[in-house]
Amino acid sequence: MSLPTIVVLAILTIFPLGYTIYYSFTNFNMLKPKAIKFIGLGNFEKILADPYFHQALGNTLKFMVLAVIIETVLGLLTALLINSLESGQKLLRTLVLLPVVLPPVTVALIWRIMLSNNYGIINKMLEAFGAAPVNWLNDVRTAFYCILVIDVWQYMPFAFLLIYASLQAVPKSQYEAAKIDGASALQQLFFITIPNIMGGIILVVLLRSIDSIRLFDKVNILTRGGPANTTATITQYIYNYGVGNYRIGYSSAGAIIMTLIVLLISSLYVSRAFKIE
Amino acid sequence: MGIMKKKTSWSKLVLIVILLIWTIFPIYWMISLSVRNSDELRSAIPLLPQSFTFDHFLRLFKEKDMGNALSNSLQVTFISLFFALLFGLASAYVLSRKRLQVKISKPTLFWILLIRILPPIAFAIPLYLIMTRLGLIRTKIPIISAHIMINLAFIVWFMITFYLSLPQEIEDSARIDGATELQLFSRIVLPLVAPGIASVAILSFMTSWNEYLYGVIFVQSPKNYTIPLVLATLNSEQELAEYGLIAAGGVISLLPIMLFVIFAQNYLISGLSSGAVKE
Amino acid sequence: MNKKILLSIGILAVLLLAAGFAPAGQETLTIAARGGSHVDAMNAVKGEFEAANNVTIEILGLEAADLKQKIGLDSLNSTGELDLIMIDDPWMPEFAESGVMANLTEMGYVEDEDFAAASRAIGKDPYGEGDVYALPFSGNVMLFFYNKALFDSYGFDVPTDWATVLSYAEKVKADGKIGYVIRGQQGNPIVSDYLPILWSYGGNVFDQEMNVIINSAEAKSALELYMKLLENGANFEKNDIVASVSDGKAAMSLGWPSWYISGETAAAAYAPIPGKVDQTAETNGSGMIGNWMMAVTANSGKKELALQFLEFVTSAESQKIEASFGGVPTRASVLTDAELTAKYPYFPTLLEATNNSVVRPRTPLWSNVETALGTELSSAISGVKTVDQALADAVAAIEAVMEE
């Protein structure tokens, strides 16, 4: 049964992956396919020496670490909170999930309207409290954190959904036994709940790590990497200096570097998560 | 958890209110922008709408062919989700059973990981050329297969965690009772991981529904536009953004997926908690 | 389970076949265009051509970056899916260099002098003198926008030099309003907003021999002025710029006409961009041209028909109709047409500005140059780097880009 899946995935991925690796060692330009030339590690050397890439890498890793931690912790707390309710769980679940189902373009634009330093509702509210308006998306002190907050808003529900689903699978008998033994609520949380939903948490951390390292949409629409490159990300770098003007060789090398980084980071979790039993 | 329930219900209420305001406000803002007339959207926007109109919605359907995009999105999403679940649920099960597939399980996971990480354009060039040569580029097949590819990888990977959490004894006892592998899988294993299936279905639906990067690469005719493609053309640096249209587009996009989430949610709490495993 | 799978795969296969070999209907011309008003304008006129030539015109409206990507992908096919493409003018050198566009002159196209000269020049390779590869579809040139009521209340005249602009901004600022709004987001916005000032100061990104000269004295003074304007104003995103200048919260900004002017109503008063440093200085061209061009693809299977449509859609008759669907004419005869100028009074200003416009540097690597320059300009205005440091870094970054 896994055979057809593997065959389908193989066809759909081996070729493209092979091409990507091959292109990364060439100067391939999509508009000039005939001029393709093997240039060894040229692309890699150039990317790794580029100060703009270093900035993008730094921003991306910082973003990834913060986003993953905040989203996972808030997702866990939200899941515990909603799971502990006696009524209204279903309604709350639906409402809480709303941000994650919105199209990313719409999310970015709605937040842009709210964060506008001209007439944005957030600055309006601040003004009501007597604070000066902030140029949220164009100030080096705030732009990065705005992107982070928007990402947390959108993807905390993702963490919530996975952790909540895992919570449903925790056998009730364990709690009953613990209660008989007189365990406190906190003890129950750390000795029963968390160990039982560890798989779900690791999955959240892993998926959010991969997705947040690819951060692009929000940055592209809201800040274009600015101000002063403080929100530039790796994907955006690959896009600006590669894909955007057809330098597929260069962008493939960038993609491979990014893939290696993700593999390095995630292998830490994967080997933990799937050590199995 | 039962102990926490009664003692702290007031603080819980506060937390829930904070959670709701945080989650709902931007969505309220979107909905409220979608029903205000364009004049009201031009400068300072008051907290409560001062005007009410369905104009933006009507314009989307009339001028931007939103009806067609809605039907395309539904087609692409449901067809790809069906096939991805069909292949994915079964494959993940096989891969998660260590005794069967010790060696290939890990490389497969890394492989699946790659699909998620590599930029779509890397996949798109060869796929685009192949599809053009096969004469399929003007159909919905390239986009549907791209969606199956992304979601299949995700489903397999996701479900493995859930299968792994199943107690081995259940399957063993079923085998002793003489169940075939197929019966074991469809009658016993699948119901046990229903919460997992529900969440993976929601997430895959969401990915497909909002998928943009492959969509824009493979679309070759305005007849095949999906919702995200229509939404993207509403925003460009060259033209002034019409926030009313953008917000209305968001609302239209939100409705079908919300219905799906509500539907799929019913399975979130079935499965294990409903008593299949009480040990 | 296996039976089900097999059955499903079977159904899928049949579906695939059915969809794949659906009968080809009428002949189709496919156009990749920038989504939005351009598509509306073409849709408004295409019916006549479809009927006369028994052809279906399909227009793919895409966001600019996606449009560029699509054109590149399709150029890899031996016979393209796209017959006509729309091109932002800075992309022209890139496409000309790599042979994406069909040579219209070779196909027998005779140059039409009615198109504004500056627009025509963009469509030729080499720039301004070679064969024609693309025709100007949409005229666009940056203008200076100001709030008329605010100007009147101070008794300001329309400024023609930047020293005056700054002095106005300071006066307005002193009264607690926004003097001048910059569009200072990193990337294309800040570069488009800064270049007209740079040109007014007589500076440029490259000299005649394509040496990078963005750290020249002119460039520094221009950037310093830009930052002074910001001190006496604000840094907004384009929608906020238009909103604030329109309602008198802010006094002045640069911008593309289509932001402020839709159909018959203009949200703010407009004039050509000032072209000199101060009243005594000499005037330089400063209005950035940003035409959208249209070309036949080199790998189109229907080049002749595509060229016919291209001539049709850019004809004077079509442009007159397109004008009421958000199209901006590129022909002098249309821009000065009495009936139209009565309805769209900004057309003569647009023609004047186009005739004095400046084109962004012609290099196939412009998009990378713009990214690098945009990053450094952003660093300067946010105070992360000094003007000298930022421009020196820009030189280094742009030189690295140009090494390719």
Side-chain angles (χ1 to χ4, degrees), chain B residues 41-44 63-65 79 82-83 86-87 89-90 120-121 124-129 131-141 144-145 148 180-183 185-186 212-213 215-225 229-243, chain C residues 1-2 4-5 8-9 12 15-16 18-22 24 28 30 34-40 58-66 69-70 72-74 76-82 88 140 185 187-189 192 237-239 242-244 246-247 249 256 258-260 262 267 290 292 326:
Chain B
L41 298 175
R42 216 149 274 151
S43 51
E63 293 167 24
K64 308 285 173 190
D65 217 1
I79 295 177
F82 173 73
F83 285 106
L86 195 69
F87 294 124
L89 291 177
I121 190 76
I125 294 178
L127 285 181
Y128 187 87
L129 296 181
M131 291 295 179
T132 321
R133 239 155 256 171
L134 292 175
L136 296 177
I137 195 76
R138 281 179 176 275
T139 66
K140 292 200 182 83
I141 291 167
I144 292 177
S145 17
I148 294 178
T180 65
E181 285 294 317
L182 181 60
Q183 281 171 332
F185 178 64
S186 60
Y212 177 71
L213 294 169
V216 77
I217 286 168
F218 289 124
V219 72
Q220 290 295 347
S221 158
K223 289 185 215 107
N224 288 340
Y225 269 44
L229 296 188
V230 176
L231 295 183
T233 57
L234 298 178
N235 172 51
S236 80
E237 186 62 25
Q238 289 88 356
E239 292 183 5
L240 221 50
E242 290 191 71
Y243 287 134
Chain C
M1 204 65 186
N2 274 330
K4 252 193 222 163
I5 302 287
S8 315
I9 294 175
L12 178 66
L15 278 177
L16 294 183
F21 297 98
T28 307
T30 307
R34 200 200 81 208
S37 61
H38 290 172
V39 177
D40 301 339
E58 289 210 320
I59 304 168
L60 282 174
L62 300 165
E63 188 272 323
D66 296 325
Q69 175 178 280
K70 178 132 258 160
L73 265 177
D74 198 56
L76 291 169
N77 283 321
S78 46
T79 304
E81 294 291 323
L82 305 175
D88 192 5
N140 213 0
Q185 298 90 55
N188 169 285
S192 313
E237 185 274 328
K238 68 169 188 305
N239 292 282
V242 175
S244 58
S246 306
D247 64 18
K249 187 174 173 185
W256 296 107
S258 58
W259 296 349
Y260 283 95
S262 76
W292 278 82

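Chain letters run A, B, ... following the sequence lines, proteins first and then strands; every chain starts at 1. What you see below is based on every heavy atom in this structure, not just the backbone, and it leaves out hydrogens, waters and symmetry mates.
- Evaluation of the side chain to side chain contact (heavy atoms under 4.5 Å, CB included) rule for C/Glu63 yields B/Tyr212, C/Ala65, C/Asp66 as partners, not counting sequence neighbours.
- For C/Lys70 (side chain) and B/Ile217 (main-chain N/O), a donor-acceptor pair under 3.5 Å exists by modelled atom type.
- Heavy atoms closer than 4.5 Å to chain B are found in the backbone of C/Ile59, but not in its side chain.
- B/Val219 touches chain C through backbone and side chain together, each having a heavy atom under 4.5 Å away.
- Ranked by non-hydrogen atom pairs under 4.5 Å with chain B, the options C/Asn188, C/Val39, C/Asn140, C/Asp74 are led by C/Asp74.
- Contact annotation for C/Asp247: only side-chain heavy atoms (C-beta onward) come within less than 4.5 Å of a heavy atom of chain B.
- Between the side chain of B/Tyr225 and the backbone N or O of C/Gly61 there is at least one donor-acceptor pair closer than 3.5 Å.
- Across all their heavy atoms, B/Glu239 and C/Lys238 have their closest contact at O-CE, 2.9 Å.
- Heavy-atom distances place no part of B/Leu234 under 4.5 Å from chain C, backbone and side chain included.
- Comparing C/Ser37, C/Gly36, C/Ser246 by heavy-atom pairs within less than 4.5 Å of chain B, the highest count is held by C/Ser37.
- Taking every heavy atom of both residues into account, B/Tyr128 and C/Leu73 meet most closely at CE2-O, 3.8 Å.
- C/Glu81 pairs by the salt bridge (Lys or Arg N to Asp or Glu O under 4.0 Å) definition with B/Arg138, not counting sequence neighbours.
- Considering only heavy atoms from C-beta on, C/Leu62 comes within 4.5 Å of B/Val216 through its side chain.
- Taking both residues in full, the closest heavy atoms of C/Val242 and B/Leu240 are given as CG2-CD1, 3.7 Å, listed atom of the first, atom of the second, then distance.
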Checking C/Thr30 against B/Gln220 for the side-chain hydrogen bond (donor to acceptor under 3.5 Å, both in side chains) test, could you report, in this order, the C-alpha distance in whole Å, the side-chain angles of both residues, the deciding distance, and whether it holds? CA-CA 8 Å; C/Thr30 307; B/Gln220 290 295 347; over 6 Å; no
